[in-house]
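All remarks here apply to the structure that follows.
Per chain, numbering begins at 1; letters A, B, ... match sequence-line order. The basis for the numbers below is simple: all heavy atoms, side chains too, and nothing from hydrogens, waters or symmetry mates.
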There are 2 protein chains.
Amino acid sequence: MAGVTIKDVAAAAGVGVATVSRVLSGTGSVSATTRERVQAAAATLGYRPSALGRSLKTQRTGGIGLIVPDAADPFCADFIAGVLETARAENCHVLLDAAGEDPALEAEIVDRFAQQRVDGIIAMPVHGDADTWAGLARLGVSVVFAGRVPSGVTGVPAVLADEAEGVRTAVDYLTGLGHRRIAHLDGDATLGGARERRAAFRATLEEHGIVPDEGLLVRARGSADAAYASAAGLFQSRPDLTAIVAGGHRLGEAAILAARELNLRIPADVSIIVVDDVPWAELCDPPLTVVARPARAMGERACELVLRAPARRAGRPVVLPTELMVRASCGPVTPSARPGRSR
Amino acid sequence: MAGVTIKDVAAAAGVGVATVSRVLSGTGSVSATTRERVQAAAATLGYRPSALGRSLKTQRTGGIGLIVPDAADPFCADFIAGVLETARAENCHVLLDAAGEDPALEAEIVDRFAQQRVDGIIAMPVHGDADTWAGLARLGVSVVFAGRVPSGVTGVPAVLADEAEGVRTAVDYLTGLGHRRIAHLDGDATLGGARERRAAFRATLEEHGIVPDEGLLVRARGSADAAYASAAGLFQSRPDLTAIVAGGHRLGEAAILAARELNLRIPADVSIIVVDDVPWAELCDPPLTVVARPARAMGERACELVLRAPARRAGRPVVLPTELMVRASCGPVTPSARPGRSR
DNA sequence: TTGAAAGCGCTAACAT
DNA sequence: ATGTTAGCGCTTTCAA
């Protein structure tokens, strides 16, 4: 039957419960002989200490709550893997849930985690409502944001990819190849990520003496359909563009599919670079040049941070470098390859 | 400050703790007026009932433990998403961990979950050691296997993809295209999956009057390098093969990469079909024909099962259908396209 | 309808 | 070195 408790072990070993507790937690001092007797008793009974009892007493669960938009997304999945690895090393367990892009659901999940008395929460947040996040710190759960930071919230530690630097590198690379009419396709997010990428895109263009062309800066909604529509619309309305920087793999895919549909050759007719590495970039044809965000490392760092968070108050975000992975989806601009080229 | 307890709420509302408990859990009867007072008090204090206290008392945590080989793997990631969705709907939380292919780690994770007193465990198991799984049922945690079943273990409910049927469909499709020398590249797993695929492959070949050629049946180790080596070796040693069925996306990728490296055109020189849908199958060039396993649905079913498991004893596994997604990586066999063709 | 009180399994003082 | 005991926050009889 189930339910072997510390009492049973104590009885079986002929000692008090405190002694059992001492042996199993390695705390205090116990004679070698009793230690062995206790361990033997525990083993034969198949005793598994209840984390419930312990946590109730110690006020620490060793649990960390992880909230992502979508566990099936490759970036999130890598991030999760990073968190898991570090958590395991630190003897913590991870509660996972996905909030989509729904602030209400996010708040609900946070609440559930709070009731589970997790020691900390790592979130790729949807929403900047102070109500959702502010209470937590006060409740003793440390929070760490990852990947993006909601605009309204301050004082929460964060782990970010250096999106700006990534976009800068991408644009530098493209201008180096002779491109001047470069489009930027990104999310409409009021969240971190997209906003910073857009800003960096503009700034870098200007550094190269190119004045940003508003018609080439498009923001797409989240759905796959919307992404495709935006990409296709961009290609059709602006046949003069020679390169495109897509923020996130969804939009990258959309761009590739739309280009293919419109019979634009990559990179002969249009160069494509995606901010977000994906496992299949290599298998794509042509292999995709990307700006990789260090998803896994971000997960590891976030987990470290959340476990040490009580120690470090807010501070500036940890920013991890991105990496330009040059493959074959970008090429030099070719003067007249593409039909319908006007301006 | 942290730590608002039921006592605080009771005091603030001027009632006993039992009443607060009744109000918040909706159990028993309370007058409308006291109910409101309690709710008001709880709200102003920002009370979050401790799941610890409750679980300790009720002996149910509402937690379900999920063990996958790798959270970053697309199949696992989809599966996880399915579990999360159902769990949320059932008011459960999910503890996630990844065991790689390491039986010892798997056992350790199971143990940790047991200490957390999860109500059930869903596992894509590595290992059939009775010790790891048998004790759990006795301990009151229901176990459900997903995707594969270790050979040594019986009496555990499972959710599987109909791998056999999937392979059968794939082979039917290829023979229909005129292929006779079809290779099968799969894992060396002693676990479910691979074994069944191999058996189905053989059987289907025979149904078509083709005697299985052992040289075309290769089992690869898990690592990406090993996969690539196996694929390349296969292409080089057997230039007469015209089609290949790969089990799992890792081996599918390896096959594609190897084919590309050896300048084999897909599908002109070799047709490729992968058992395992991947998000990028569409983006591959040519778009990949696959046998999709319903990862997400499997996660949903597994979660339902684990929550109702006490009710259903063992029984036969739930087998979900696979789906052949015809895209463009398979073509009719072309008599003389490939150099080095001998027999 | 409501309150008092007994635990759930554990740890940590405090005694011995 | 070891045992006794008082809770941790909650649910649930049992009385009132």
Side-chain angles (χ1 to χ4, degrees), chain A residues 1-39 41-42 45-63 112 114-119 139-141, chain B residues 1-39 41-42 45-63 112 114-119 139-141:
Chain A
M1 248 278 308
V4 182
T5 81
I6 197 172
K7 263 186 187 166
D8 302 321
V9 178
V15 299
V17 292
T19 305
V20 177
S21 176
R22 285 185 196 108
V23 171
L24 270 60
S25 60
T27 331
S29 48
V30 269
S31 77
T33 69
T34 35
R35 155 171 293 114
E36 283 179 23
R37 258 193 320 172
V38 169
Q39 281 166 338
L45 291 168
Y47 172 61
R48 325 251 196 162
S50 162
L52 260 37
R54 190 204 346 266
S55 299
L56 190 55
K57 180 67 186 178
T58 61
Q59 303 289 58
R60 289 196 66 261
T61 58
R112 279 150 99 119
Q115 298 196 183
Q116 295 297 332
R117 297 295 189 264
V118 294
D119 294 338
L139 209 143
V141 270
Chain B
M1 249 281 305
V4 182
T5 82
I6 197 173
K7 264 187 187 164
D8 302 321
V9 178
V15 298
V17 292
T19 304
V20 176
S21 176
R22 286 184 196 107
V23 171
L24 270 57
S25 61
T27 328
S29 48
V30 269
S31 76
T33 67
T34 34
R35 156 170 293 113
E36 283 179 22
R37 257 192 320 166
V38 169
Q39 281 166 338
L45 268 59
Y47 172 61
R48 325 251 196 161
S50 163
L52 259 38
R54 172 167 353 116
S55 299
L56 190 56
K57 182 67 187 176
T58 61
Q59 302 290 59
R60 288 197 67 263
T61 58
R112 277 150 99 120
Q115 299 195 182
Q116 296 297 330
R117 296 295 188 265
V118 294
D119 294 339
L139 209 142
V141 270

Could you state the CZ-P distance from A:Arg60 to C:dT11, rounded to the nearest angstrom? 13 Å

Identify, between A:Val17 and A:Thr33, the residue whose nearest nucleotide on DNA chain D lies closer to the 5' end. A:Thr33

Closest to the A:Ala18 side chain, choosing from D:dC10, D:dA1, D:dT4: D:dT4

Between the main-chain N or O of B:Ala13 and the side-chain N or O of B:Arg37, is there a donor-acceptor pair closer than 3.5 Å? yes

Any idea which of C:dG7, D:dT2, C:dG9 is nearest the B:Lys57 side chain? C:dG7

Measure from CD1 on B:Ile6 to P on C:dA5 and round the result to the nearest Å. 16 Å

Taking CG from B:Leu24 and C1' from C:dT2, how many angstroms apart are they, rounded to a whole number? 16 Å

Which nucleotide sits closest to the side chain of B:Thr34: D:dC10, C:dT1, C:dC8? C:dT1

D:dC10 phosphate, OP1 or OP2: any side-chain N/O from B:Ser50 under 4.0 angstrom? no

Whole angstrom value for the distance that separates P of D:dG7 from NZ of B:Lys7: 8 Å

Side-chain N or O of A:Ser31 less than 4.0 angstrom from OP1 or OP2 on D:dA1? no

Could you state the CZ-P distance from B:Arg22 to D:dG9, rounded to the nearest angstrom? 20 Å

base_contact_polar (D:dG9 base, A:Arg117 side chain, donor-acceptor, <3.5 Å): no

Ignoring the backbone of A:Leu56, work out which of D:dC14, D:dG9, C:dC14 is nearest its side chain. D:dG9

May I have the distance from A:Leu52 (atom CG) to D:dT11 (atom P), rounded to whole angstrom? 13 Å

Closest-nucleotide ordering on DNA chain C, the 5'-leading residue of A:Ala51 and B:Gly16: B:Gly16

Could you check which of D:dC10, D:dT2, C:dC8 has an atom nearest any side-chain atom of B:Gln59? C:dC8

Taking all non-hydrogen atoms of both residues, which atom of B:Thr61 and which atom of A:Gln116 are closest, and how far apart? O-NE2, 4.3 Å

Considering only heavy atoms from C-beta outward, does the side chain of A:Gln59 approach that of A:Arg117 to under 4.5 Å? no

Side-chain N or O of A:Thr27 less than 4.0 angstrom from OP1 or OP2 on C:dA12? no

Can you tell me how far apart CD (B:Gln39) and OG1 (B:Thr34) are? Round to the nearest 0.5 Å. 10.0 Å

Please state whether the base of C:dG9 and the side chain of A:Arg48 form at least one donor-acceptor pair under 3.5 Å? no

Which residue lies toward the 5' end of DNA chain C, A:Val20 or B:Arg35, if each is placed at its nearest nucleotide? B:Arg35

For atom OH of A:Tyr47 and atom P of C:dG9, their distance in whole Å: 10 Å

Nearest to the A:Thr5 side chain among C:dG9, C:dT1, C:dC8, which nucleotide is it? C:dG9

Side-chain N or O of B:Ser29 closer than 4.0 Å to phosphate OP1/OP2 of C:dT1: yes

Should B:Leu24 and B:Val38 count as side-chain neighbours, where that means a heavy-atom distance under 4.5 Å? yes

Tell me whether the OP1 or OP2 atom of D:dT11 has a side-chain N or O from B:Thr58 closer than 4.0 Å. no

Looking only at non-hydrogen atoms, find the nearest pair between A:Arg60 and A:Asp119 and report the distance. NH2-OD2, 3.0 Å

Between CD of A:Glu36 and P of D:dA1 the distance, given in whole Å, is 15 Å

